[in-house]
Amino acid sequence: MKAKKEVVEEILGQLNPQQRQAATHGDGPLLILAGAGTGKTNTLVHRVAWLVLQGVSPGRILLLTFTRRAAAEMLRRADALLAQIRRGNKKSGALTSQVWGGTFHAVATRLLRQYGKAIGLPADFVIHDRSDSEDFLQVIRTELKLAKTDRRFPQKGTCMEIYSRCVNARMPLVDVLATVFPWCAMWEKELARLFDTYIERKQQAGILDYDDLLLYWHALLEDAQAGPVLRNMFDYILVDEYQDTNRLQAEILYMLSPDGRGLTVVGDDAQAIYSFRAAEVRNIFEFPEHYPNATIITLEQNYRSTQPILEATNQVIALAQRRYVKNLWTERTEGPRPELVLCQDEQQQADEVIQRILERRESGLLLRQQAVLFRASHHSMLLETELNRRNIPYHKYGGLKFSETAHVKDLLAILRLAENPRDTVAGMRVLVLLPGIGPKTAKQLMELLQSAGGQWEAWRSWKPPAAAAGLWDKWLQLLEQLTASPKDASAQIHAARTFYQPLLEEKYDNPYARSRDLEQLELIASRYPDRRSFLAEMALDPPSSTQDLAGPPILDEDFLVLSTMHSAKGLEWEAVYVINATDGNIPSDMTTGSPELIDEELRLFYVALTRARRHLAVFCPLFHYYGPFGKTDEYGMSQLTRFLPRSVQRYFHVQSGGRAEPSTSEFGLALRPGESVSAKVRQNLSRLWH
DNA sequence: CTGTTGAAATTTTTT
DNA sequence: ATTTCAACAG
């Protein structure tokens, strides 16, 4: 057996002095400012390992991060390292206990299940995802007659955003309206009423939305009884991607560790990309103010990318209005220059991307070491078609989730109602599926159910309209069956699926594909011990891509990665292809207002570029379908993103897609963006006869 | 009250 | 393209 010192050296051996200092830091509050690719997650994970070697029980360490994908990656690496320690040090039986970790929301859920009772939460609370919450808000919105006003009241999605921002930024409604939603300011009183009712109803029904998970965690920490218990659970708390935490999350951390003992946060202000979720970069700068005894360690050596890539990305981030002073450097000097490929249209862009991917695979680079990144999830549609055509396997992250499709939501609603008869949103959703039952009847039925204390018996005596007569009896049988055996989620899905099948065929014109999805859902459900954990998981951590559905991932299967830029954060690949780098996509047309938002788009672009280890290529299609509604005969001309001005292009190898054309070609000069080609042609032609 | 039809509005990123 | 909302027929 190795001596402990040897094991420590083995674990810390690969860290540089700054990383090592961070990993072996003592108990005081610690802020690690780490540029892109400087090994911040690695450092964090090594810190966990070091702490464990010092005798800290893994179960008393909490690892928090912001996105599910980053959380999974971080926990995977921590587990791998702890496994390594276990091999080197057989004695440490304590290592069997697991590190706590996950997203803020996932950890909140675990804590609230355990301790929620202290603040009056029912043990069987259910979690509403974003669209459930919106539906709930919509019900109340209609009920309060806010939908029918002389001037248009904000839609449910907007209402939800406003509410969510108040909660997460801990900002009064008036201020949120004034700063972020000025066009809704006239509805302040109505919104306040809406939110009051929303909160009240949620509590009655035993429902928590995403924001509630944080809010109740916060409340739990404030509680005189539960607070100390929670504070004593963890000796060390490590937070990744701290620049993306919001006010509420920062407060939770402050309360978890009032004096900063054992608290480590890692972040990079140049990579803050979640302000739309009320994230505050400010949290990073306030950390040393909040904890005056905080140690600050800066990581500047980049281990990820080659010098040419680093030079180019440094130029990009330097365009920010607000400067981010960091000197990223690397010892990896060798490497090709990043490419900027100007393409005729999206089709050519897809061809160019795929050509490079296949070339690199030929020369030994696995598909899974290559990734295509884009601003919005629908940007990859054409590429996906092409990949399918050529039988290239891929895995897409971000974008519309499987569990957000209507038929999956329908089926899950059946189980949710069985789990919690007070879940009016789920109940209404299912009931209106039945012929002859509309919103009014559904609402009455739910009220009837509530007054009977959630006993399905209450519905036995109800006379269904003729259209629903046949199904009503089956429906009640199903509910009783589901209530009788809440354990086997897979069997539950099966029963619900049998009931739902005819309704699905009636409702959708592509029932076959949809019922295949539901078969997959049944398979997924079989991985969970019971209905409650299955439902919680589907709300909090749904399968991130349709390929996830084909059972547990086969490790030696090779697939290309497609991802939104947001979902790509914290990850890296040997080769990265950034597509649709046009003005309007990056920065998105939605945001071309305030300089702050433009800066955020720039940081997002920077995040995308810095994912690359060795090969980086940016693609810009010259023509694109005009507008998002794809009127196929209307083309528009695009301009290269403003984040790659001439001064920055010097750091790229500029190419025109397909055949070589001198890199002097100017794009978007003949036409201003948005001006359609057909209009230009008409105009030119009309000169001929006027 | 339900279910259909047509017009109008919207358009990203994630827990 | 898709979602939301109002108007109308049964």
Side-chain angles (χ1 to χ4, degrees), chain A residues 64-71 102-109 127-135 138 141-142 147-149 152-158 160-161 164 167-168 208-215 217 241 244-246 248-249 272-279 373-379 381 397-401 403-404 406 431-444 465-468 506-507 536 539-542 544 563-569 580 584-592 597 600-601 603-605 607-608 625 627-632:
Chain A
L64 285 169
T65 190
F66 199 63
T67 60
R68 293 180 279 128
R69 217 168 150 204
T103 61
F104 276 84
H105 294 82
V107 170
T109 307
I127 301 163
H128 270 191
D129 69 14
R130 173 65 183 257
S131 78
D132 297 327
S133 310
E134 284 181 6
D135 289 348
Q138 176 69 5
R141 189 169 168 269
T142 322
K148 209 174 148 46
T149 42
R152 209 181 172 82
F153 191 75
Q155 293 203 326
K156 61 181 181 186
T158 314
M160 194 68 227
E161 266 183 76
S164 191
V167 174
N168 285 292
L208 300 194
D209 62 21
Y210 285 151
D211 301 330
D212 285 333
L213 293 172
L214 301 181
L215 215 47
W217 188 3
E241 310 286 8
D244 286 327
T245 52
N246 59 41
L248 181 54
Q249 289 164 324
I273 54 173
Y274 278 100
S275 75
F276 71 95
R277 260 179 66 176
L373 307 183
F374 32 86
R375 173 69 178 84
S377 73
H378 66 261
H379 288 163
M381 262 161 33
Y397 294 91
L400 185 76
K401 280 171 221 96
S403 58
E404 281 163 8
L431 289 170
V432 295
L433 290 172
L434 305 175
I437 298 180
K440 284 279 151 62
T441 312
K443 192 157 182 296
Q444 282 169 20
E506 183 73 22
K507 192 175 166 188
L540 222 51
D541 195 2
S544 53
S563 174
T564 59
M565 294 177 179
H566 281 90
S567 292
K569 190 150 80 141
N580 282 326
N585 284 332
I586 316 170
S588 162
D589 271 334
M590 253 75 270
T591 56
T592 45
L597 289 178
E600 174 147 315
E601 295 278 308
R603 294 193 296 268
L604 183 57
F605 189 53
V607 165
Y625 292 118
F629 308 144
K631 280 188 227 144
T632 41

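These numbers come from the heavy atoms of this one structure, side chains and all, not from hydrogens, waters or symmetry mates. Below, chains carry the letters A, B, ... as their sequence lines are ordered, and counting in each starts from 1. Worth saying up front: this structure is predicted, and the values here are computed from it rather than measured.
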B/dT12 phosphate, OP1 or OP2, under 4.0 Å from A/Thr564 side-chain N/O: no
Sugar-phosphate only, base, or nothing, as touched by A/Pro465 at under 4.0 Å among non-hydrogen atoms: nothing
Touch class at under 4.0 angstrom, heavy-atom based, for A/Phe66 against every strand present: sugar-phosphate
Touch class at under 4.0 angstrom, heavy-atom based, for A/Ile437 against every strand present: sugar-phosphate
Face-to-face contact A/Phe276 to B/dT13 six-ring, under 5.5 Å, under 30°: yes
Proximal nucleotide (of B/dT13, B/dT14, C/dT4) relative to the A/Arg130 side chain: B/dT14
Side-chain H-bond candidate by donor/acceptor type, A/Arg130 with A/Ser164, under 3.5 Å: no
Length of the CE-P vector between A/Met565 and B/dT13, whole Å: 12 Å
Whichever of A/Val432 and A/Leu604 has its nearest DNA chain B nucleotide further upstream toward 5': A/Val432
B/dT12 phosphate, OP1 or OP2, under 4.0 Å from A/Ser377 side-chain N/O: no
Length of the CG-P vector between A/Leu214 and B/dT15, whole Å: 13 Å
Side chain of A/Thr103 - closest among B/dT13, B/dT15, B/dT2: B/dT15
Length of the CG-C1' vector between A/Leu597 and B/dT13, whole Å: 12 Å
Of the listed nucleotides B/dT14, B/dT2, B/dT12, the one nearest the side chain of A/Ser588: B/dT12
Contact under 4.0 Å: A/Arg141 side-chain N or O vs C/dC5 OP1/OP2: yes
Rounded interatomic separation in angstrom, taking CD from A/Glu161 and P from B/dT10: 13 Å
Test: A/Arg69 cationic atom under 6.0 Å from A/Tyr397 six-membered ring centre, within 45° of axis: yes
A/Pro435, nearest nucleotide to its side chain (from B/dG3, B/dT13, B/dC1): B/dG3
First encountered from the 5' end of DNA chain B, between A/Glu600 and A/Ala442: A/Ala442
Minimum side-chain heavy-atom gap A/His105-A/Ile127 below 4.5 Å: no
Side-chain (A/Thr245) to main-chain (A/Glu241) donor-acceptor, under 3.5 angstrom: no
side-chain contact (heavy atoms from CB on, under 4.5 Å) assessment of A/Gln249 paired with A/Leu64: CA-CA 10 Å; A/Gln249 289 164 324; A/Leu64 285 169; over 6 Å; no
Separation of B/dT14 P from A/Asn168 CG (nearest whole Å): 16 Å
Donor-acceptor under 3.5 Å (A/Asp212 side chain, A/Asp209 main chain): yes
Under 3.5 Å donor-acceptor pair, A/Arg68 side-chain atoms to B/dT15 base atoms: no
Nearest-neighbour nucleotide for the A/Gln138 side chain, C/dC5, B/dG3, B/dT15 considered: C/dC5
Among B/dT2, B/dT12, C/dT4, the nucleotide that comes nearest once only the side chain of A/Lys156 is considered: C/dT4
Nearest-neighbour nucleotide for the A/Thr441 side chain, B/dT2, B/dT10, B/dT14 considered: B/dT2
Atom-to-atom span, CG of A/Leu213 to P of B/dT15 - whole angstrom: 13 Å
